[in-house]
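Numbered from 1 within each chain, the chains take letters A, B, ... in sequence-line order.
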Amino acid sequence: MDSGNIAWLLTSASLVLLMTPGLALFYGGMSRGKSVLNMMMMSFGAMAVGTLAWITFGFSISAGDTMNDIIGDPLYDFGLQNVMEGGDAMAIISAGFGATFAIITVALISGSIADRVKFSSWLIFAFLWVILVYSPVSHWVWGDGFAALLGPDGPWFADLPGPYDFAGGTVVHINAGVAGLVLALVVGIRKGFGRDPMRPHNLPFVMLGAALLWFGWFGFNAGSAFAADNFAATAWVNTTVATAIAILGWLVVEKLRDGKATSLGAASGVVAGLVAITPACASVDAFGAAIIGLVAGALSALAVGLKYKLGYDDSLDVVGVHLVSGLWGTLAIGLIANGTINGDAGLFYGGGITLLGVQAAAAAVVMAYSAVVTLIIALAIKYTIGFRVSEEVEVAGIDFAEHGETAYEEAK
Amino acid sequence: MDSGNIAWLLTSASLVLLMTPGLALFYGGMSRGKSVLNMMMMSFGAMAVGTLAWITFGFSISAGDTMNDIIGDPLYDFGLQNVMEGGDAMAIISAGFGATFAIITVALISGSIADRVKFSSWLIFAFLWVILVYSPVSHWVWGDGFAALLGPDGPWFADLPGPYDFAGGTVVHINAGVAGLVLALVVGIRKGFGRDPMRPHNLPFVMLGAALLWFGWFGFNAGSAFAADNFAATAWVNTTVATAIAILGWLVVEKLRDGKATSLGAASGVVAGLVAITPACASVDAFGAAIIGLVAGALSALAVGLKYKLGYDDSLDVVGVHLVSGLWGTLAIGLIANGTINGDAGLFYGGGITLLGVQAAAAAVVMAYSAVVTLIIALAIKYTIGFRVSEEVEVAGIDFAEHGETAYEEAK
Amino acid sequence: MDSGNIAWLLTSASLVLLMTPGLALFYGGMSRGKSVLNMMMMSFGAMAVGTLAWITFGFSISAGDTMNDIIGDPLYDFGLQNVMEGGDAMAIISAGFGATFAIITVALISGSIADRVKFSSWLIFAFLWVILVYSPVSHWVWGDGFAALLGPDGPWFADLPGPYDFAGGTVVHINAGVAGLVLALVVGIRKGFGRDPMRPHNLPFVMLGAALLWFGWFGFNAGSAFAADNFAATAWVNTTVATAIAILGWLVVEKLRDGKATSLGAASGVVAGLVAITPACASVDAFGAAIIGLVAGALSALAVGLKYKLGYDDSLDVVGVHLVSGLWGTLAIGLIANGTINGDAGLFYGGGITLLGVQAAAAAVVMAYSAVVTLIIALAIKYTIGFRVSEEVEVAGIDFAEHGETAYEEAK
Amino acid sequence: MKLVTAIIQPHRVDEVRAALEAAGVKGVTVSEAAGYGRQKGHTEVYRGAEYTVDLVPKTRMEVLVDDADAAVVTEAIVSAAQTGKIGDGKVWTVPVDDVARVRTGEHGADAL
Amino acid sequence: MKLVTAIIQPHRVDEVRAALEAAGVKGVTVSEAAGYGRQKGHTEVYRGAEYTVDLVPKTRMEVLVDDADAAVVTEAIVSAAQTGKIGDGKVWTVPVDDVARVRTGEHGADAL
Amino acid sequence: MKLVTAIIQPHRVDEVRAALEAAGVKGVTVSEAAGYGRQKGHTEVYRGAEYTVDLVPKTRMEVLVDDADAAVVTEAIVSAAQTGKIGDGKVWTVPVDDVARVRTGEHGADAL
Ligand SMILES: Nc1ncnc2c1ncn2[C@@H]1O[C@H](COP(=O)(O)OP(=O)(O)O)[C@@H](O)[C@H]1O
Ligand SMILES: Nc1ncnc2c1ncn2[C@@H]1O[C@H](COP(=O)(O)OP(=O)(O)O)[C@@H](O)[C@H]1O
Ligand SMILES: Nc1ncnc2c1ncn2[C@@H]1O[C@H](COP(=O)(O)OP(=O)(O)O)[C@@H](O)[C@H]1O
């Protein structure tokens with residue numbers, strides 16, 4: 001037991017836990033003043049039911065003994081009983097670290113359904129999604145799934161490189177992005193979507209939220225080394241470089257297209273950069289990180305306008321930011337992984353096209369699985385208890401109707 | 001010297017320091033818009049005078065050579081001179097860690113006297129309370145007090161188990177809760193209490209404050225292991241589990257009773273869960289943590305209504321949250337400590353009733369001491385410089401009168 | 001490789017990164033409601049271009065092989081290529097840690113030019129300043145500059161003590177303070193300066209920002225030990241003591257002078273205390289830290305009024321807080337360094353006057369260099385693309401004109 | 001000329017604006033208000049406390065019109081704002097001596 | 001009918017509302033305002049700067065009443081709002097041509 | 001007496017106040033409003049969405065004056081508030097039956 005590694009994982013788990021309230025502010029600030037509490041409650045609710053889902057079956061499905069390389073045994077460790085009795089500090093805090101990932105992943109999805117969904121329906125969705133979607137996918141990518149299948153002893157005797165997903169480009173961002181898209185389609189658009197401005201009601205909250213996400217993301221990326229070592233240090237530097245440059249990428253697109261660089265753009269650039277570097281943070285050098293950030297910022301800046309053209313109300317741009325930049329970062333490994341830090345090289349570093357193919361295939365499998373299972377859960381809820389509040393409540397503001405509160409009271 | 005342990009304690013002390021500004025936001029958001037600054041200033045003031053109290057006499061009374069197992073020698077280490085000259089990194093940062101506990105404990109009390117107390121009177125109260133109440137109590141529970149008295153060599157030759165208080169259920173929460181109750185009674189109710197709504201003026205602040213408390217509490221609970229080890233990891237996981245489930249406990253009570261699950265309830269559930277798991281975080285497994293959290297959330301949700309029936313104006317529910325959940329967590333050790341992680345087992349884990357009795361007795365002693373000494377300090381201040389601002393100031397808003405400011409300026 | 005030290009440096013770098021968004025809130029809250037976004041964007045912009053400047057030439061100039069003890073070789077490590085290929089965890093994360101210092105230093109300057117500067121001009125200024133001012137100065141003070149010149153093998157064969165600057169009193173605060181003054185003079189005063197109140201529009205943000213700065217500053221000061229050791233622990237305790245007492249220092253001055261202790265004063269006292277202890281945090285004991293904090297709080301409280309008398313519009317008091325308290329802390333080492341913790345003793349601890357002289361000389365050199373080069377950069381920008389928005393934009397609010405946004409939207 | 005002032009439910013603003021445009025009104029001034037009337041006495045429970053909320057948020061809309069149009073505009077507002085629930089609000093008309101357009105300094109009906 | 005408008009100190013709102021209810025007034029519209037008058041010229045020191053604050057927060061209350069009640073209501077407001085200090089505010093009355101209740105479409109005194 | 005109400009651009013408030021003081025007006029009440037008129041139909045692009053913003057922030061200023069002063073005050077406001085751009089606002093005058101000063105209970109012109 002190396003106390004330095006434990007110390008860093010304790011710190012990292014704490015940092016990742018903070019990301020979800022950071023997300024609550026980021027999303028809450030972007031909401032209209034009449035629905036900020038509901039938006040934030042979706043994140044807080046994810047912390048509650050996400051933890052419950054994790055300690056009941058999620059952890060087991062994710063980290064338990066594998067059943068045919070598909071899912072971990074769901075009854076492997078109900079209530080984290082074994083891992084906590086085991087008394088191994090690294091194992092215990094790793095289970096906690098895993099909980100924080102499950103929480104933030106499902107919380108991310110909520111951005112696509114702002115202002116219009118019953119809180120109880122959301123809680124049920126979040127609980128089921130962690131168990132049925134997040135946990136199996138994390139088993140494939142980080143557990144015994146893909147690697148075993150693709151390895152020399154796997155059914156295909158393939159011995160292919162990768163797939164690489166250091167901290168969760170596929171498991172977290174692509175996964176949540178696809179689920180957000182499906183959920184937005186099932187739930188439907190808000191009244192006034194595409195016509196009313198629906199501007200963020202509190203941009204300082206958005207910026208603060210983005211900053212807390214960045215801060216917490218150090219635990220997410222550098223903590224995924226599970227040690228205080230050179231992988232962690234590399235992930236730390238790449239995370240900062242990609243994020244900083246992604247801000248520039250987003251702002252330049254805005255400046256050229258709209259004439260103004262916005263604070264919402266800067267905050268969104270932060271998140272796009274963080275998303276894109278997540279899978280790649282231990283595979284590239286600082287130069288690669290800068291490329292990843294620049295493209296992520298620019299690409300997502302362009303992608304967030306799509307929903308108006310295509311007509312899906314992904315209210316706070318889960319698709320444009322997490323799906324698009326998550327895909328980019330995952331594929332970028334196949335292009336610019338330098339091959340010296342962590343494993344195989346990408347196309348431009350002499351590694352050939354195979355790695356790119358494996359990355360794309362892994363992403364595609366996760367996208368397909370996430371889309372189908374999310375759709376099933378969403379439709380089941382839609383046609384039983386239903387998702388939406390009444391139109392009257394939506395116009396008057398969901399906060400008061402669902403939570404009996406308004407975010408701000410006049411000074412009195 | 002283990003650098004991993006030092007690293008974790010440096011991190012933990014930083015996290016606990018952040019809890020007090022987190023509390024300032026949590027309390028400040030719950031205040032009315034005309035008294036938010038005063039509310040936050042009570043926390044910032046606690047950081048200032050609490051540190052002063054700690055480095056003058058508090059640290060010595062808490063950690064100094066014991067005088068008859070009652071208090072540490074008050075002149076043991078004025079100005080932290082010895083500990084800093086000693087050059088032992090663990091000793092130095094432990095003294096700093098202790099300061100952060102003293103600060104947050106006294107800051108918690110301020111929630112019971114929102115909107116109506118002169119800032120200068122608060123500063124004097126906080127300074128005296130850290131020295132006269134917090135420091136001795138921490139000596140009993142964590143130093144040579146109770147354990148020595150109850151041990152086989154103590155005056156009672158008792159060899160009893162416990163009392164257990166891993167991170168401060170008794171020292172911090174029960175202690176502050178009782179003091180808050182006494183202070184609220186001495187200071188008296190606000191104009192309009194029980195009639196006017198006095199709703200939180202900024203619920204996103206409340207939620208952000210609760211999140212910062214949660215984040216900081218990892219340092220509080222897992223840092224109380226004074227090492228990056230399996231106790232710390234266990235405390236970390238239990239802290240998260242109890243808190244997540246406490247949110248559900250609180251929201252379910254609200255939903256059943258009032259028909260709506262509020263964001264104030266979610267934020268308060270966070271705090272209730274954190275409070276209850278604090279003493280027990282190294283004594284139970286995740287299942288026990290879930291029970292503690294569930295009961296804490298539900299119990300405190302019910303308890304916060306009491307003040308209207310009993311007529312004391314514990315404005316921001318220090319009693320309903322900290323005293324009630326602190327007591328529950330302390331007693332829960334006597335019921336469900338599993339006996340394998342840290343020391344003795346509780347009643348339901350085959351440990352018999354003794355531990356429960358010891359826990360209750362320790363809590364009772366602390367409650368009695370805290371009540372009496374707080375009462376003396378409070379009455380001394382009340383009948384000399386006085387506590388309250390004029391009724392006119394209270395109605396117009398204490399911020400402008402006491403601090404010459406209002407929290408928000410119209411855009412101009 | 002000591003994993004505990006790496007863990008602490010990973011944590012510290014994350015903490016320092018958080019300081020800049022903390023500063024964004026601190027400054028943003030102090031701005032008027034019509035220019036808060038622009039204010040915050042200067043910090044976020046500093047994160048973007050500051051990182052770019054650091055990974056291109058800044059890091060090399062700061063940490064590269066010295067050229068005549070003056071600057072590091074600017075082509076030493078473009079893109080951090082060498083350091084990242086090297087695979088030494090401590091070296092990698094130190095480069096990241098350095099980036100966070102460069103960012104916060106330049107971001108500090110923005111406080112002197114609130115409400116009136118084009119965002120693009122700021123970005124260019126910030127990029128150039130990191131490379132041309134921050135990086136060389138950090139080379140002198142922390143690299144091979146001053147120490148080599150003053151050492152027995154230097155050109156002057158002097159063997160003088162110091163200069164000491166543990167975490168950046170000279171490199172960061174004096175440097176930024178002087179640059180802020182120069183920039184404020186070049187840019188000119190705002191319409192209504194000295195006549196309109198221009199009160200902070202959101203004081204809870206200011207307090208939260210100050211708290212995040214304090215929290216992050218633990219990484220700044222204790223992280224500057226580059227190890228989880230007794231220097232780090234000492235720096236941690238001194239940072240807390242000085243800051244707590246500085247709050248009291250500032251509030252006492254306000255209470256005596258204006259009759260009221262303000263929340264802006266408490267938040268500013270936090271920053272003044274943090275600034276002053278920065279260079280000295282490993283040179284003094286807790287008693288010395290208390291003195292440094294007390295004087296810093298009082299001195300800066302007095303200094304912030306100067307701008308009205310002298311007529312420069314240092315809008316958010318970069319000079320009054322960072323220059324004044326930075327100078328005080330730097331000189332205080334020459335007075336009260338106790339000589340046992342870290343190196344030489346100051347005047348009052350039997351060390352003679354030499355150290356004070358060296359501290360003053362180092363500060364003077366940095367001030368002169370910073371003033372001259374900042375002036376050149378500022379004039380170059382002023383007479384090419386210009387700094388200021390139109391007066392109409394300034395009055396209507398820079399946020400909408402420069403960023404196409406207003407910070408808050410009415411609930412709708 | 002007349003000044004028609006309407007106190008309405010905030011969520012009917014869009015409908016009223018549309019009705020005004022349909023009625024040929026060229027300008028409106030809008031502001032926030034709160035009111036009580038029959039709609040008073042509504043009780044809420046929050047965090048264990050029960051209390052009465054009687055000031056309900058409303059929106060004020062003011063329209064300057066020619067004498068001849070006052071009745072028409074009033075009816076347009078009434079029918080667009082109506083939900084039939086208590087608290088729908090009031091519309092009243094006061095006489096105006098004179099109106100000036102700031103931009104041009106014109107007076108009277110030309111300034112509308 | 002008449003419209004009685006009162007600009008008063010914000011902390012007298014509760015008293016004025018009570019007085020209006022006592023006077024039989026069934027509805028009120030309230031909004032925020034700021035004003036200056038004799039109460040101008042008050043100087044503050046803040047963070048080392050001295051400046052003049054002259055817009056003081058006030059509350060506006062508007063009551064529609066029958067012609068006959070205007071004087072009574074005015075007196076009720078004046079005595080409830082009075083503290084005797086400069087800045088207590090003004091109460092004025094303007095003639096109203098017509099009032100409509102949105103909920104029902106009633107006009108005139110019935111609509112009050 | 002008359003009540004002169006002006007809806008103006010927020011950034012002209014200081015100038016209008018100065019003009020009012022120059023015209024001998026002793027008190028003003030100010031509040032926030034939003035309006036549209038000719039200035040409507042302005043389109044913004046934000047985060048990839050295009051939409052129309054038609055409620056523009058304005059400031060309302062109200063001045064009670066003697067009958068004789070109404071025209072002068074109106075002109076003072078018009079010239080101080082004028083920028084010549086669309087959206088400069090309106091100034092209107094309504095008759096006032098009575099004014100009371102809360103502090104003293106005085107009525108009529110003395111209460112101004
Ligand atoms: N006499 C009055 N004077 C001024 N405003 C009034 C008056 N009566 C009602 N109002 C305004 O109209 C709103 C709706 O009135 P209310 O009596 O609740 O409903 P309704 O008009 O449908 O019977 C109130 O909230 C208040 O703003
Ligand atoms: N001529 C006026 N027109 C409109 N409002 C006025 C006028 N004079 C005063 N007021 C309003 O009444 C408030 C109180 O007036 P002020 O002159 O300060 O005190 P008092 O009426 O007690 O002498 C002002 O803040 C302003 O809102
Ligand atoms: N008929 C009206 N009734 C009430 N307010 C009006 C009316 N017309 C315009 N306004 C107000 O005056 C403001 C300016 O009017 P607008 O027509 O945009 O410009 P201008 O008066 O310069 O032609 C509007 O924003 C609105 O607040």
Side-chain angles (χ1 to χ4, degrees), chain A residues 2-5 7-8 11 15 32-34 196-197 199-204 207-208 210-212 214-215 218-219 222 227-234 236-237 240-241 243-248 251 255 258-264 266-267 269-270 285-287 290 340-341 397 406-408, chain C residues 1-11 13-15 17-18 20-22 24-25 28-29 36-37 40-41 44-45 47-52 55 79-81 84-85 87-93 95-96 99-100 119-120 202 205 208 228 399 402-412:
Chain A
D2 178 316
S3 66
N5 293 345
W8 176 235
T11 304
L15 287 169
R32 288 171 293 170
K34 63 188 178 187
D196 297 343
R199 278 175 169 256
H201 87 287
N202 193 320
L203 283 161
M207 296 175 90
L208 174 58
L212 291 179
W214 189 344
F215 178 58
F218 289 127
D229 61 6
N230 62 321
F231 287 114
T234 301
W236 198 102
V237 170
T240 296
V241 170
T243 306
I245 308 302
I247 299 176
L248 291 178
L251 294 185
K255 183 80 188 172
D258 311 331
K260 310 220 160 150
T262 68
S263 67
L264 181 59
V270 165
D285 51 29
F287 187 72
T340 58
I341 299 177
T406 46
Y408 313 101
Chain C
M1 195 195 82
D2 177 316
S3 67
N5 292 345
I6 310 286
W8 177 234
L9 211 62
L10 286 164
T11 304
S14 308
L15 287 169
L17 193 283
L18 184 65
T20 301
L25 271 185
V36 47
L37 296 179
M40 296 183 76
M41 284 293 273
F44 276 68
M47 299 177 89
V49 299
T51 301
L52 186 63
I55 63 172
L80 307 184
Q81 203 66 26
M84 291 191 79
E85 296 285 315
D88 172 355
M90 189 46 106
I92 296 170
I93 188 61
T100 63
F119 185 54
S120 51
N202 194 319
F205 279 173
L208 174 57
D399 282 358
E402 278 288 298
H403 305 289
E405 299 169 306
T406 47
Y408 313 101
E409 288 286 312
E410 286 296 311
K412 221 234 125 172

Chain C heavy atoms under 4.5 Å from A/Pro200: which part of the residue, side chain, backbone, both or neither? backbone
When the 4.5 angstrom heavy-atom criterion is applied to A/Ser263 and chain C, the contacting part is both
Pairing residues for C/Glu85 by the side chain to side chain donor-acceptor pair (under 3.5 Å) criterion, not counting sequence neighbours: none
Nearest-0.5 Å distance, CZ of residue A/Phe218 to CG of residue C/Leu10: 10.0 Å
Starting at CZ of A/Arg199, measure out to CD of C/Glu409 and round the result to the nearest 0.5 Å. 6.0 Å
Give the minimum heavy-atom separation between A/Ala286 and C/Gly79, together with the two atoms involved. CB-O, 3.4 Å
Residue pair A/Ile245, C/Leu52: steps toward the side-chain contact (heavy atoms from CB on, under 4.5 Å) verdict: CA-CA 7 Å; A/Ile245 308 302; C/Leu52 186 63; 3.7 Å; yes
Okay, A/Val237 and chain C: the region with an atom under 4.5 Å from a heavy atom over there is side chain
Write down the atom of A/Ala261, the atom of C/Met41, and the distance for their closest heavy-atom approach. O-CE, 4.2 Å
Answer whether the closest heavy-atom distance between the side chains of C/Thr51 and A/Ile247 falls below 4.5 Å. no
Report which part of C/Ser120 has an atom under 4.5 Å of a heavy atom belonging to chain A: side chain, backbone, both, or neither. neither
Where on A/Leu264 is there a heavy atom nearer than 4.5 Å to chain C: the side chain, the backbone, both, or neither? both
For C/Phe44, is it the side chain, the backbone, both, or neither that has a heavy atom closer than 4.5 Å to a heavy atom of chain A? both
So which residue, A/Ser3, A/Ala222, A/Gly4, ends up with the most heavy-atom pairs under 4.5 Å with chain C? A/Gly4
Look at the side chain of A/His201 and the backbone N and O of C/Tyr408, then say whether any donor-acceptor pair between them is shorter than 3.5 Å. no
I need the residue from C/Leu80, C/Ile93, C/Leu18 with the largest number of non-hydrogen atom pairs under 4.5 Å to chain A. C/Leu18
Can you list the steps and then say if C/Val49 with A/Leu248 is a side-chain contact (heavy atoms from CB on, under 4.5 Å)? CA-CA 8 Å; C/Val49 299; A/Leu248 291 178; 4.0 Å; yes
What is the minimum heavy-atom distance between C/Pro21 and A/Ala211, and which atoms define it? CB-CB, 3.2 Å
Out of A/Leu212, A/Val270, A/Asp229, A/Asp258, return the one with the most heavy atom pairs under 4.5 angstrom to chain C. A/Asp229
Any idea which heavy atoms bring A/Ala233 and C/Ala89 closest together, and the distance? CB-O, 3.5 Å
dist A/Asn230:CG -> C/Ile92:CD1 (nearest 0.5 Å) comes out at 5.5 Å
Counting distance only, does the side-chain N/O of C/Glu405 pair as donor-acceptor with the main-chain N or O of A/Leu203 below 3.5 Å? no
For chain C, which candidate among A/Trp236, A/Phe231, A/Phe287 shows the most heavy-atom pairs at distances under 4.5 Å? A/Trp236
Contact class of C/Met84 relative to chain A, heavy atoms under 4.5 angstrom: side chain
For residues A/Thr243 and C/Met47, determine if any side-chain heavy atom of one lies less than 4.5 Å from a side-chain heavy atom of the other. no
Measure distances from A/Thr262 to the heavy atoms of chain C and classify the residue's part below 4.5 Å as side chain, backbone, both or neither. both
With a 4.5 angstrom heavy-atom cut-off, could you sort out which part of C/Leu9 is near chain A: side chain, backbone, both or neither? neither
Closest approach of A/Pro204 and C/Val36, non-hydrogen atoms and distance? CG-CG2, 4.1 Å
Bottom line for C/Ala99: the part with an atom under 4.5 Å from chain A's heavy atoms is neither
